[in-house]
2 protein chains.
Amino acid sequence: MVNPQVSMSDERRERVLDAAQRLFLKYGYDKTTVSDIAHEAGISKGAVYLAFDSKEAVMDALLMREGERVQEDMLARMRADPNGGALFALYRYGLEALSDNALMRAFYGRRREVFGDTLRRLEPRIADAESRSMSVEFVRHYQQAGLIRPELDPHAVAFLLMFMRYGLLTIDEVVPRDQSPPLAVIGALIAEVLQLGLAPLGGGDAEAGKRLFEALSRAALDRLKRQPAPPNTPSEEGGTS
Amino acid sequence: MVNPQVSMSDERRERVLDAAQRLFLKYGYDKTTVSDIAHEAGISKGAVYLAFDSKEAVMDALLMREGERVQEDMLARMRADPNGGALFALYRYGLEALSDNALMRAFYGRRREVFGDTLRRLEPRIADAESRSMSVEFVRHYQQAGLIRPELDPHAVAFLLMFMRYGLLTIDEVVPRDQSPPLAVIGALIAEVLQLGLAPLGGGDAEAGKRLFEALSRAALDRLKRQPAPPNTPSEEGGTS
DNA sequence: TTCTGACCAGAAAGACGATTTCGGTCATAT
DNA sequence: ATATGACCGAAATCGTCTTTCTGGTCAGAA
């Protein structure tokens with residue numbers, strides 16, 4: 001069904017996604033119409049439908065693109081740091097990359113103002129992404145690589161990493177972002193605390209961590225890409241009659 | 001205005017609060033009527049108004065009572081632990097006490113299903129309670145007492161403690177409570193991580209911490225009690241004309 | 001071909017009066 | 001004194017109808 005041929009409309013798609021991102025973040029998914037997106041992108045409404053099957057497909061493609069960007073960003077930060085493979089650095093860079101991307105921050109924060117009614121549809125994917133990035137399996141791998149102390153309960157550690165990220169990404173509903181300490185300071189502290197609290201004495205082999213993380217995250221992304229399309233959930237509802 | 005004489009209707013008040021607590025948690029503030037509360041408490045509606053000025057006053061008194069209970073609970077846990085003055089123990093017991101109180105958990109989690117429209121009115125008080133319990137001043141005191149490493153930025157530490165608690169208390173909107181590791185396990189891990197990550201080597205003087213915390217929390221509670229009534233916010237809205 | 005914008009059907013958003021609900025009061029009973 | 005529950009007015013809810021909006025299509029322009 002999907003045309004394997006990549007036409008020159010790729011740039012068109014990007015512009016639509018750019019426009020959609022701006023408008024979704026500013027007005028929310030529900031209050032943004034397809035005409036608005038077309039106008040913002042400087043094309044006609046029909047052209048949007050040449051590039052995407054539906055409004056939801058625009059959202060999906062946008063999330064995919066931004067998710068990849070976050071991942072690239074995180075990997076770049078990691079590679080730039082000679083000690084970037086240590087758990088503390090990984091987590092820090094992941095958080096920083098996420099926090100720097102407004103759309104993904106809203107995604108993980110499940111902001112209803114931004115995603116509106118499609119949030120329900122996206123929910124499983126958020127949960128999936130969340131568990132993928134800091135799952136129990138992840139923690140086990142790190143324990144085997146000697147980057148997390150082996151005696152710690154991997155479930156508890158995964159949960160800790162999860163709710164810490166959740167808290168950091170969602171607390172700006174309560175404390176405005178500009179009243180919090182700068183992200184770099186927070187990131188550094190989180191990194192330090194996790195390093196001291198979870199890593200073995202000496203911090204483990206940072207290079208091994210770097211390789212491990214790169215492999216794991218690539219594999220996860222590929223798996224995601226291979227998944228063809230998000231299952232349609234036509235808000236099934238009804239009695240038992 | 002408040003009658004200084006404590007009548008025997010104190011038990012009546014308690015029963016009303018018990019009833020209100022059950023109903024608020026089960027049906028939410030909006031869907032619970034004063035008649036419902038009266039019925040659940042086994043008295044008439046008029047009697048409710050003999051004990052409280054308004055429905056909002058019931059909510060306020062309930063939150064005050066449960067807040068005190070949480071504090072008592074936390075202090076009890078702390079006192080029971082010979083090492084309870086260490087930062088890690090304090091934070092852990094605070095979280096556990098909070099998590100064990102359904103109403104206060106909903107309060108800190110800003111659950112709209114529970115608090116309904118009054119949530120807006122309560123919001124400042126939540127923020128106040130939040131900052132009170134883990135404020136920058138708090139952290140500074142602990143640094144002076146040698147329980148938190150002095151070189152750490154107190155703002156960052158306070159923010160870390162804040163968003164961690166926020167994340168833990170609110171993540172069960174996403175991950176059902178019964179799918180998370182048991183609170184005791186999480187509490188222990190949090191304690192361990194914070195101890196290793198924030199405390200100086202050796203952990204500092206637990207006794208001093210215990211005394212300090214008790215004093216600080218008592219003072220905070222007293223200050224709160226002295227505050228007469230929450231300011232009425234009649235949802236002011238309108239232009240600048 | 002490539003793209004446009006008028007067009008459509010179904011959904012959502014008002015309009016609005018009738019009806020019900022609910023916080024709060026008070027005359028009355030105990 | 002203490003407590004009750006019928007009562008009140010404001011506000012919310014409901015039901016119904018009308019109007020507007022909006023995702024998606026398609027005949028035709030470029």
Side-chain angles (χ1 to χ4, degrees), chain A residues 1 3 5-17 19-20 23-24 27-62 112 115-121 232-237, chain B residues 1 3-17 19-20 23-24 27-62 112 115-121 229-230 232-235 237:
Chain A
M1 302 317 181
N3 192 349
Q5 242 170 349
V6 173
S7 71
M8 65 175 173
S9 71
D10 267 359
E11 190 226 324
R12 194 50 59 95
R13 283 175 63 97
E14 290 300 305
R15 294 189 45 180
V16 171
L17 292 183
L23 297 176
F24 288 166
Y27 304 107
Y29 179 86
D30 287 342
K31 291 207 178 286
T32 300
T33 72
V34 177
S35 301
D36 292 339
I37 296 173
H39 182 77
E40 175 86 8
I43 61 175
S44 74
K45 188 162 72 152
V48 173
Y49 283 91
L50 291 178
F52 297 94
D53 288 344
S54 67
K55 188 184 178 186
E56 288 189 347
V58 175
M59 181 84 259
D60 291 347
L62 181 58
R112 207 162 295 271
F115 293 97
D117 289 343
T118 41
L119 188 57
R120 186 150 25 100
R121 188 178 61 90
N232 218 352
T233 309
S235 79
E236 57 182 304
E237 190 181 60
Chain B
M1 315 325 166
N3 191 351
Q5 241 168 352
V6 174
S7 71
M8 66 175 174
S9 71
D10 265 0
E11 190 227 324
R12 195 48 61 96
R13 281 176 65 96
E14 290 301 304
R15 294 189 46 179
V16 170
L17 293 182
L23 297 176
F24 288 165
Y27 303 107
Y29 179 86
D30 288 343
K31 290 207 178 287
T32 300
T33 73
V34 177
S35 300
D36 290 339
I37 297 173
H39 182 76
E40 175 85 9
I43 61 176
S44 74
K45 187 163 72 151
V48 173
Y49 282 91
L50 292 178
F52 297 95
D53 287 344
S54 67
K55 188 185 177 187
E56 287 189 347
V58 175
M59 181 83 259
D60 292 346
L62 181 57
R112 208 162 294 271
F115 293 97
D117 289 342
T118 43
L119 187 57
R120 186 150 27 99
R121 188 178 61 90
N232 219 352
T233 310
S235 81
E237 190 181 58

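Predicted, not measured: the structure shown is a model, and the values here were computed from it. In what follows, chains are A, B, ... by sequence order, proteins preceding strands, each numbered from 1. Side chains are part of it too, since the values below use all heavy atoms of this structure and drop only hydrogens, waters and symmetry mates.
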Separation of D:dG23 P from A:F52 CZ (nearest whole Å)
15 Å

How does each nucleotide of nucleotides 19-26 of chain C score, in 5' to 3' order, for protein heavy atoms under 4.0 Å: base (B), sugar-phosphate only (S), or none (-)?
---SBBB-

Would you check if A:I43 and A:V16 make a side-chain contact, meaning some heavy-atom pair closer than 4.5 Å?
yes

Does the side chain of B:L62 come within less than 4.5 Å of B:M59's, by heavy atoms?
yes

Looking at every non-hydrogen atom in both residues, tell me the closest pair between A:E40 and A:A19 and how far apart they are.
CG-CB, 3.4 Å

Quantify the bending of the helix from C:dT1-D:dA30 to C:dT30-D:dA1 as the angle between its end axes, each fitted on five pairs, to 10°.
30°

Between A:D60 and A:A57 (side chain of the first, backbone of the second, donor and acceptor by atom type, cut-off under 3.5 Å), is there such a pair?
no

Where at least one partner belongs to residues 37-56 of chain B, residue pairs that pass ring-ring contact (aromatic ring centres under 6.0 Å, His included), sequence neighbours excluded
none

Over how many whole Å does the gap from A:L50 atom CG to D:dT25 atom C1' extend?
11 Å

Check step by step if side chain to side chain contact (heavy atoms under 4.5 Å, CB included) holds for A:R13 and A:D10.
CA-CA 5 Å; A:R13 283 175 63 97; A:D10 267 359; 4.1 Å; yes

Would you mind reading off the distance between A:E11 atom CD and C:dC3 atom C1', rounded to a whole angstrom?
15 Å

With a cut-off of less than 4.0 Å, is there a side-chain N or O of B:R12 near OP1 or OP2 of D:dT2?
no

Can you check the A:R13 CZ to C:dT2 P distance for me, whole Å?
16 Å

Gap between atoms CD1 and P, on A:I37 and C:dT4 respectively (whole Å)
15 Å

For this output row, return yes or no: ring centroids of B:Y29 and B:F24 closer than 6.0 angstrom.
yes

Grab the NE2-P distance between B:H39 and D:dG5 for me, whole Å please.
12 Å

Nearest atoms (heavy-atom pairs only) where A:K55 meets A:D30:
NZ-O, 4.1 Å

